[in-house]
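All figures in this text were calculated on a predicted structure; none of them were measured in a lab.
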Amino acid sequence: MPELPEVETVVRGLNAQAKGRTIKTIPHIAEHLRKRDTELRTLAGDTFVNFDRRGKYIIAELASGRQLLIHLRMSGQILFIDNRERRQSHDHFVSTFTTGSDKLIFRDTRKFGIMEFLRETNNEGFRKLGIEATAITPTILANLLSVSSRPIKALLLDQSALAGLGNIYADESLYLSRIHPLRPCNQVQKTEIVELTASIRKVLDSAIKKMGTTFDSYSGVNGNPGEYSRYLRVYNQEGNSCSRCGETIIKIRAVGRGTHLCPGCQQLKPVRRRKRVR
DNA sequence: ATTCTCACCTGTTAGC
DNA sequence: TGCTAACAGGTGAGAA
């Protein structure tokens, strides 16, 4: 679930609660994380200078000059909890601080999440990220769309084209701009591109304001759920009626993903806006 | 080259 | 009720 708005929320929480703090000890690093980056243990003694976001990645800047990359993938969570609380089975990284009575936990049920130092030899995915979805413009989007005939949803989910959108916000953005997820990229009309640009920005901005969407496991660093779930128009709304046209929202499988849409107002073919007169 | 499919891992839920 | 299969928000390796 963590897409751009959720990751942004976590980064803000990290800046509020861990910026300037020095790691004292690391009581636990799970095997799969330790194997991926054997230097994780050297975080002890280092200080968090700042936290940043790029796409769905969290970047922790350290006083040593190093950058720690964190990706939550499907089920990752960053949590600050009381020092005395017992470690749970899916807590894969735990660190204490030289100040305060809390500890930082990386909890991740499905173990897809990543935590490792940025090096020149790793994280190709990070270095190949496309433009931030929050910074999209009609011109940039038009350029991305013009060079491909794959379904538009595939492009929206492609992090090397547009960084930050995931399944939820891709579906929501397409719904708002009335475009069918399977529409070939190069068949999206100019007016629709302008619409889609605005929809993407609007959906992401509102979701950030609501601290993200909690569908299943996502929460902020204090365990608080995201409030945007209440504002979803199509995602997870199959069976409900469309608030625009009243048709029943459906769920299909598109580009390998569960995909939600309104068959009444999301057009597979471009809509002819004006009839040509003679 | 681009695009698609599957695997990664665990928990939950739909279906029998 | 109990078991099994399918599915879940993301990505990357390898196949097509």
Phosphate OP1/OP2 of [N] contacted by [X] side-chain N/O (<4.0 Å):
X: S75(A); N: dC9(B); value: no
X: K56(A); N: dT11(C); value: yes
X: Q159(A); N: dT11(C); value: yes
X: H90(A); N: dG11(B); value: yes
X: R253(A); N: dA8(C); value: yes

If I pick the [atom1] atom on [M] and the same atom on [N], what distance separates them, to the nearest angstrom?
N: dC6(B); M: dA6(C); atom1: P; result: 13 Å
N: dC7(C); M: dT5(B); atom1: C1'; result: 16 Å
N: dT11(C); M: dA1(B); atom1: P; result: 23 Å

When the distance from [atom1] of [X] to [atom2] of [N] is rounded to whole Å, what number comes out?
X: L33(A); N: dC9(B); atom1: CG; atom2: C1'; result: 13 Å
X: N123(A); N: dT11(C); atom1: CG; atom2: P; result: 12 Å
X: E6(A); N: dA8(C); atom1: CD; atom2: C1'; result: 15 Å
X: R73(A); N: dG11(B); atom1: CZ; atom2: P; result: 19 Å
X: R257(A); N: dA8(C); atom1: CZ; atom2: P; result: 8 Å
X: R127(A); N: dT11(C); atom1: CZ; atom2: P; result: 16 Å
X: E116(A); N: dG12(C); atom1: CD; atom2: C1'; result: 13 Å
X: R150(A); N: dC4(B); atom1: CZ; atom2: P; result: 7 Å

By the 4.0 Å heavy-atom rule, please label [X] as base, sugar-phosphate, or nothing.
X: G256(A); result: nothing
X: K128(A); result: nothing
X: H32(A); result: nothing
X: E124(A); result: nothing
X: F126(A); result: nothing

Legend entry - Side-chain ion pair, D37(A) and R119(A), N-O less than 4.0 Å: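 R119(A) and D37(A): salt-bridged.
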Inset, instruction - Please determine which of L268(A), L156(A), V188(A) meets the side-chain contact (heavy atoms from CB on, under 4.5 Å) test together with I179(A). - result: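 For I179(A), the side-chain contact (heavy atoms from CB on, under 4.5 Å) check succeeds only for V188(A).
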Legend entry - Nucleotide of dT3(B), dG12(C), dC9(B) approaching Y57(A) most closely (side-chain heavy atoms):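 The answer is dG12(C).
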Inset, instruction - Look at the side chain of M74(A) and decide which nucleotide, out of dA8(C), dT10(B), dG12(C), has an atom nearest to it. - result: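 Closest nucleotide to the M74(A) side chain: dA8(C).
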Inset, instruction - Cation-pi check, R12(A) to F51(A): give yes when NZ or CZ is under 6.0 Å from the six-membered ring centre and within 45° of the ring axis, no otherwise. - result: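 Ring-cation test returns no.
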Legend entry - Cation-pi geometry met for R21(A) and F97(A) (6.0 Å, 45°):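 R21(A) over F97(A) ring: yes.
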Inset, instruction - With DNA chain C as reference, determine whether L157(A) or K251(A) sits nearer its 5' end, using the nearest nucleotide of each. - result: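 By nearest-heavy-atom nucleotide position, the 5'-most residue is K251(A).
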Inset, instruction - Mind listing the closest non-hydrogen atom pair of A44(A) and I26(A) along with its distance? - result: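 The pair with the smallest heavy-atom distance is N-CD1, 3.7 Å.
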Inset, instruction - Assess whether atom CD of E31(A) is packed by more than 12 heavy atoms of other residues, nucleotides or ligands within 6.0 Å. - result: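 For E31(A), atom CD is crowded (more than 12 foreign heavy atoms under 6.0 Å).
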Inset, instruction - Verify the distance criterion only: is there a donor paired with an acceptor across the side chains of D46(A) and S64(A) at less than 3.5 Å? - result: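 The criterion, which ignores hydrogens and geometry beyond distance, is satisfied for S64(A) and D46(A).
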Legend entry - Residues S75(A) and R107(A): side-chain donor-acceptor under 3.5 angstrom: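 Their side chains do not contain a donor-acceptor pair, so the 3.5 Å distance test is not met.
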Legend entry - Watson-Crick or G-U stems of DNA chain B, 3 or more pairs, under 3.5 Å, by first number: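 Stems (3+ consecutive pairs) listed as B:2-8 with C:10-16, B:10-16 with C:2-8.
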Inset, instruction - Run the numbers on R257(A) and D171(A) for salt bridge (Lys or Arg N to Asp or Glu O under 4.0 Å), then give the verdict. - result: CA-CA 11 Å; R257(A) 315 294 299 276; D171(A) 282 2; over 6 Å; no
Inset, instruction - Kindly state whether the pair F112(A) / dC8(B) counts as stacked, where counting means centroids closer than 5.5 Å and planes tilted less than 30° apart. - result: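 It does: the two rings, one from F112(A) and one from dC8(B), meet the stacking criterion.
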